[in-house]
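Have a look at the structure below, then the notes.
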Amino acid sequence: MADAPLLNPRTYDPAHFDPETRRLLRATVDWFEARGKRRIIEDYRTRAWLGDFLAFAAQENLFATFLTPAAEAAGHPDKRWDTARIAALNEILGFYGLDYWYAWQVTVLGLGPVWQSDNAAARARAAALLDQGEVFAFGLSEKTHGADIYSTDMLLTPDGEGGFRATGSKYYIGNGNAAGLVSVFGRRTDVEGPDGYVFFAADSRAPSYHLVKNVVDSSKFVSEFRLEDHPVAAADVLHTGRAAFDAALNTVNVGKFNLCTASIGICEHAMYEAVTHAHNRVLYGRPVTAFPHVRRELTDAYVRLAGMKLFSDRAVDYFRTAGPDDRRYLLFNPMTKMKVTTEGEKVIDLLWDVIAAKGFEKDTYFAQAAVEIRGLPKLEGTVHVNLALILKFMGNHLLAPVAHEPVPTRLDAADDAFLFRQGPARGLGSVRFHDWRPAFDAYDRLPNVARFREQADALCDFVRTAAPGEDQGRDLDLLLAVGRLFALVVHAQLVLEQAALTGLDDDVLDELFAVLVRDFSGHAVELHGKDSATPAQQEWALGAVRRPVTDEARSARVWERVEALSGAYEMRP
């Protein structure tokens with residue numbers, strides 16, 4: 001299509017997927033629509049466990065079909081790990097409620113160490129549990145150390161029979177109340193250093209598994225659990241040594257991606273509600289949407305959301321095309337986690353500024369969207385952690401491109417097997433990228449794309465001539481400001497690549513880039529004000545500020561698209 005349309009359950013038909021994927025995605029939408037808005041909101045308000053949804057998923061074999069790699073599918077023609085359809089399901093689950101998505105997301109994480117393991121019996125066990133409708137959990141974080149896996153206090157003592165006895169606790173563990181298998185990270189008491197790491201499988205129903213509590217006030221069961229002298233047989237061991245460490249980070253690489261499309265789903269549902277409410281509310285004799293500032297805020301929200309979808313859809317292609325010699329996904333992954341989810345927060349804030357008190361009402365989806373959208377940038381690593389990771393790629397991406405074969409749109413029914421053989425979680429500085437400039441060259445006819453290109457070129461000059469020195473390299477506050485500038489360039493590049501592949505309307509794209517020009521200018525001013533910014537960096541920062549090119553006719557045409565969302569979708573009561 002010529003636009004990046006919002007998901008609309010009234011018309012949703014993912015015809016670009018194979019028949020079974022199409023059926024399952026549509027069946028999921030139909031289940032939520034039949035349940036109705038009132039029931040979903042009531043379950044959210046009463047913190048009801050998601051048993052009904054998980055029963056539906058088990059009946060349809062949803063998780064088993066989408067989360068079983070082809071190698072473990074025993075020849076089942078529809079089972080595979082397909083990032084494109086996983087992203088589509090993330091969006092649907094986010095659209096109806098993040099609690100539903102969360103149970104799915106931590107199942108993804110719990111499966112990561114299993115599918116990466118050489119333990120064939122454990123893989124077969126996981127596949128069987130999926131067929132039984134079970135969910136999974138990822139036992140990495142701890143109350144004292146968070147996700148600092150160097151400092152785990154889950155201790156495994158050899159039992160003299162080739163296995164271990166595990167004692168310790170885990171914290172922030174989704175599905176810890178119901179998981180058929182929990183992938184748990186720990187360390188041996190008899191081996192020092194990285195060689196002592198162990199990933200093992202535990203059952204939440206075992207007598208030595210003690211569920212302490214749900215640490216959040218939510219339907220999401222984000223558990224604290226403790227193992228007391230828990231038997232870990234050799235058949236339960238998934239990884240040992242450095243491989244266990246790599247499995248932890250590579251699992252997060254896979255699961256982190258899911259946050260962006262969940263954020264998109266939340267924003268889509270909230271936008272329908274917000275535009276419909278604003279367009280039908282009259283103040284001072286005029287619809288709220290007649291006010292210029294309201295039109296600007298809703299239009300900004302719309303184009304930001306379009307940018308979120310464009311970036312995320314294009315990032316899917318790089319995930320699916322990844323291999324040992326093409327690890328560009330390692331940049332685009334934290335970008336989806338950091339940039340797309342924080343864009344989601346901005347979208348909700350813009351909508352909330354328009355609908356004001358309506359956003360607090362208990363019978364709206366928006367009330368939960370405004371809360372839940374905040375969590376996504378804080379899961380699977382904070383914004384700061386992911387920005388620091390993104391910075392590792394800046395020099396190679398901006399200044400040292402290499403030739404890569406063009407990456408096509410990847411909606412084919414293929415198994416993304418490489419995600420479970422990513423290899424050692426290091427060597428980020430060696431990842432090389434294709435030239436980012438041609439994506440901009442293809443749209444140099446659009447004034448705001450051209451203006452943003454000036455800012456991107458200026459950032460290259462900054463890296464060459466005024467990059468943080470050795471002393472500033474320890475000033476994370478300043479480095480993060482630089483990281484936000486770089487992230488905008490990467491975001492813009494993939495947006496343009498996807499726009500070209502999908503034929504996105506030029507008006508929407510230029511309106512979006514007007515927003516990105518403002519964002520870049522704002523981050524440049526932020527850098528200028530940092531305590532440790534050098535005179536050269538301060539001068540550069542002010543020189544990078546640009547004013548977007550305004551066009552009232554273009555903005556009016558984009559507004560017509562936003563206005564058309566009024567009444568386009570409302571969930572059944």
Side-chain angles (χ1 to χ4, degrees), residues 6-10 12 24-60 62-63 89-107 133 135 174-179 211 213-223 261-278 280-281 344-345 347-348 351-352 355-376 379 567-573:
L6 276 62
L7 186 159
N8 187 337
R10 292 180 180 176
Y12 183 68
L24 284 170
L25 293 174
R26 184 66 238 186
T28 304
V29 169
D30 291 343
W31 184 85
F32 283 109
E33 289 293 316
R35 197 165 183 80
K37 185 176 184 178
R38 186 176 299 112
R39 178 66 184 276
I40 286 175
I41 290 173
E42 186 62 20
D43 286 350
Y44 178 79
R45 291 178 59 242
T46 59
R47 292 89 170 158
W49 174 239
L50 311 172
D52 290 351
F53 168 67
L54 296 178
F56 156 77
Q59 178 182 336
E60 295 289 347
L62 177 63
F63 288 14
L89 185 56
N90 287 328
E91 184 177 0
I92 291 169
L93 297 181
F95 189 95
Y96 290 106
L98 199 66
D99 290 347
Y100 305 100
W101 170 85
Y102 185 74
W104 148 269
Q105 161 68 357
V106 291
T107 294
V135 293
N175 290 351
N177 61 318
L211 184 64
K213 61 181 178 180
N214 186 357
V215 304
V216 299
D217 187 15
S218 168
S219 296
K220 304 178 202 66
F221 207 104
V222 187
S223 69
T261 35
S263 180
I264 289 166
I266 292 173
C267 291
E268 289 171 322
H269 197 157
M271 188 150 210
Y272 283 120
E273 275 196 346
V275 175
T276 300
H277 169 72
N280 291 279
R281 183 169 174 81
E345 288 189 290
V347 169
I348 294 298
L351 298 176
W352 206 350
I355 66 171
K358 185 70 176 179
F360 293 97
E361 292 186 12
K362 66 180 182 181
D363 60 349
T364 65
Y365 173 85
F366 195 96
Q368 62 177 277
V371 173
E372 300 296 347
I373 198 71
R374 311 298 170 194
L376 290 164
L379 298 174
Y569 168 75
E570 187 169 356
M571 192 173 183
R572 188 182 72 82

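The chain is numbered in sequence order, starting from 1. The analysis underlying the following values was restricted to heavy atoms, covering all of them including side chains, and did not include hydrogens, waters or symmetry mates.
Ring orientation note: the planes of Tyr272 and Phe95 are nearly perpendicular, at an angle over 60° on the 30°/60° scale. Classification of the Tyr96-Phe32 ring pair by plane angle, with boundaries at 30° and 60°, yields parallel.
Rounding to the nearest 0.5 Å places CG of Asn90 at 7.0 Å from CD of Gln105. In this structure, Ile41 CD1 and Lys362 NZ are separated by 10.5 Å, a value rounded to the nearest 0.5 Å. To the nearest 0.5 Å, the span separating CG on Asp43 from CG on Leu50 amounts to 8.0 Å. Summarising the geometry, atom OH belonging to Tyr569 is positioned 11.0 Å from atom CD belonging to Glu268; distances are rounded to the nearest 0.5 Å. From Trp31, atom CH2 reaches atom CZ of Phe56 across 7.5 Å, with rounding to the nearest 0.5 Å. Between the CG atom of Leu7 and the CD1 atom of Ile92 there is a distance of 6.0 Å, given to the nearest 0.5 Å.
Among all heavy-atom pairs drawn from Ala48 and Ser219, the shortest one is O-OG, 2.9 Å. Contact record, Ala103 with Leu54: CB-CD2, 4.4 Å, taken as the closest heavy-atom pair. Residues Ala270 and Ile348 come closest through the heavy atom pair CB-CD1, 3.6 Å. Across every non-hydrogen atom of Ser263 and Ile373, the tightest pair is OG-CD1, 3.4 Å. When all heavy atoms of Gly265 and Tyr365 are compared, the pair lying nearest together is O-OH, 4.5 Å. Across all non-hydrogen atoms, the minimal contact from Leu376 to Ala262 is CD1-C, 4.2 Å.
In this structure the side chain of Arg39 reaches within 4.5 angstrom of the side chain of Asp52, judged on heavy atoms. Between Val216 and Tyr102 there is no side-chain heavy-atom pair separated by less than 4.5 Å. Considering only heavy atoms from C-beta on, Ile355 stays 4.5 Å or farther from Arg281 through its side chain. At a threshold of 4.5 Å between non-hydrogen side-chain atoms, the residues Phe221 and Val106 do not count as touching. Side-chain atoms of Tyr44 and Glu372, non-hydrogen and from C-beta on, do get closer than 4.5 Å to each other. No side-chain heavy atom of Glu273 sits under 4.5 Å from any side-chain heavy atom of Lys358.
Annotation for Arg47: atom CZ counts as buried by contact number, over 12 foreign heavy atoms lying within 6.0 Å. More than 12 heavy-atom neighbours from other residues, nucleotides or ligands sit within 6.0 angstrom of CD on Glu361.
Counting only residues at least two apart or on different chains, the salt bridge (charged side-chain N to carboxylate O under 4.0 Å, His left out) pairs with a member in residues 89-100 are Glu91-Lys309, Asp99-Lys220.
When the side chain to side chain contact (heavy atoms under 4.5 Å, CB included) test is applied to Arg572, no partner is found at least two apart in sequence or on another chain. Residues satisfying the side-chain hydrogen bond (donor to acceptor under 3.5 Å, both in side chains) criterion with Asn177, sequence neighbours excluded, are absent altogether.
Of the candidates Ile266, Thr261, Thr28, Leu98, Thr28 is the only one forming a side chain to side chain contact (heavy atoms under 4.5 Å, CB included) with Leu93.
Between Trp352 and Phe360, a ring centre-to-centre spacing shorter than 6.0 Å is recorded.
No donor-acceptor pair closer than 3.5 Å links the side chain of Asn214 to the backbone N or O of Ser223.
Residues Tyr12 and Glu33 bring no donor and acceptor atom of their side chains to less than 3.5 Å of each other.
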